[in-house]
Protein chains: 2
Amino acid sequence: MSSKKMPAGFTARPEAPYYAVIFTSQRTPEDAAGYAAAAAQMAALAAQQPGYLGAESAREAGGLGITVSYWRSMEDIAAWRGQLEHAATRDRGRAQWYSHYELRVARVERAYGWDRQDDGAADPGPDYDLVP
Amino acid sequence: MSSKKMPAGFTARPEAPYYAVIFTSQRTPEDAAGYAAAAAQMAALAAQQPGYLGAESAREAGGLGITVSYWRSMEDIAAWRGQLEHAATRDRGRAQWYSHYELRVARVERAYGWDRQDDGAADPGPDYDLVP
């Protein structure tokens, strides 16, 4: 099913291992328009970086949000971190848009997915043993 | 700062390495009350499991959501997957609440955070080299 089109908001399934940047943040009430414009610009810029595999994002009405971006390697993540426009936008983030954030870099070891249309109510997990 | 109280919605910073279960899902419009009750029950049950370190969650008004739970080991994740009430609730999830989901198990290699009140606008990253 990895060759199928994913529903809106989901990233396709690259072959593991790959890397995830888990960014959990609390937005301030400030500058909604500026934030939205910068977020769209950063998403477009990230998509052009080497090793970018996709991203998924959700934010609550209260401002707590999680964005997970996926990358081929740690080196790709470091290069994106060093990208100048991205660094400048992070500075604006700390000055205006966020009151708190946590960032975690993780190696994706295993992944699976389920779609009602393809799989009915079957558990996609039985052939999947979390402990090697 | 890891000993300080985290803002609402954030998990404290355990020492890496630890493990993350990244669950991205699309809710159906069905059974909002049943889903909310089960989600609260599962959160409480997960918090009692061995190796549970915390969870962060956000869902958009359109139903796309991300929940990341954190665990000490892969074995702890496997045990939670095998917990009977959790398994039964996952079955209800596929039958009623979700149209699609992706689940990834990842090993957190590095983590840092930032808080405006503690750190002003300083970049928490300079002493943090993503490439070992």
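Chain A is the first sequence line, chain B the second, and so forth, proteins listed ahead of strands; every chain is numbered from 1.
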Of all heavy-atom pairs between B:Tyr112 and A:Tyr101, which one has the smallest distance, and what is that distance?
-> CE1-CE1, 4.3 Å
Relative to chain B, which of A:Gly93, A:Ser99, A:Gly9 shows the most heavy atom pairs under 4.5 Å?
-> A:Ser99
Looking at A:Phe10 and B:Glu102, what are the two nearest heavy atoms and their distance?
-> CD2-CG, 3.6 Å
Hey, which residues of residues 17-25 of chain A are touching chain B, say heavy atoms under 4.5 Å apart?
-> A:Tyr18, A:Ala20, A:Ile22, A:Thr24, A:Ser25
Could you check if a side-chain atom of A:Ile77 sits within less than 4.5 angstrom of a side-chain atom of B:Arg110, using non-hydrogen atoms only?
-> no
Could you tell me whether the side chain of B:Arg116 and the main chain of A:Ala95 form a donor-acceptor pair under 3.5 Å?
-> yes
Going by residue number, which parts of residues 59-70 of chain B are within reach of chain A, meaning a heavy-atom gap below 4.5 Å?
-> B:Arg59, B:Glu60, B:Leu64, B:Gly65, B:Ile66, B:Val68, B:Tyr70
Run through B:Gln26, B:His100, B:Arg94 and flag the one making a side-chain contact (heavy atoms from CB on, under 4.5 Å) with A:Asp115.
-> B:His100
Is it possible for you to say whether B:Met74 and A:Val108 belong to one hydrophobic cluster, with membership spreading through side-chain heavy-atom contacts below 4.5 Å?
-> no
Bottom line for A:Arg90: the part with an atom under 4.5 Å from chain B's heavy atoms is side chain
Taking a cut-off of under 4.5 angstrom between non-hydrogen atoms, the residues of residues 49-57 of chain B near chain A are B:Glu56, B:Ser57
Residue by residue, which of residues 28-42 of chain B have a heavy atom closer than 4.5 Å to a heavy atom belonging to chain A?
-> B:Thr28, B:Glu30
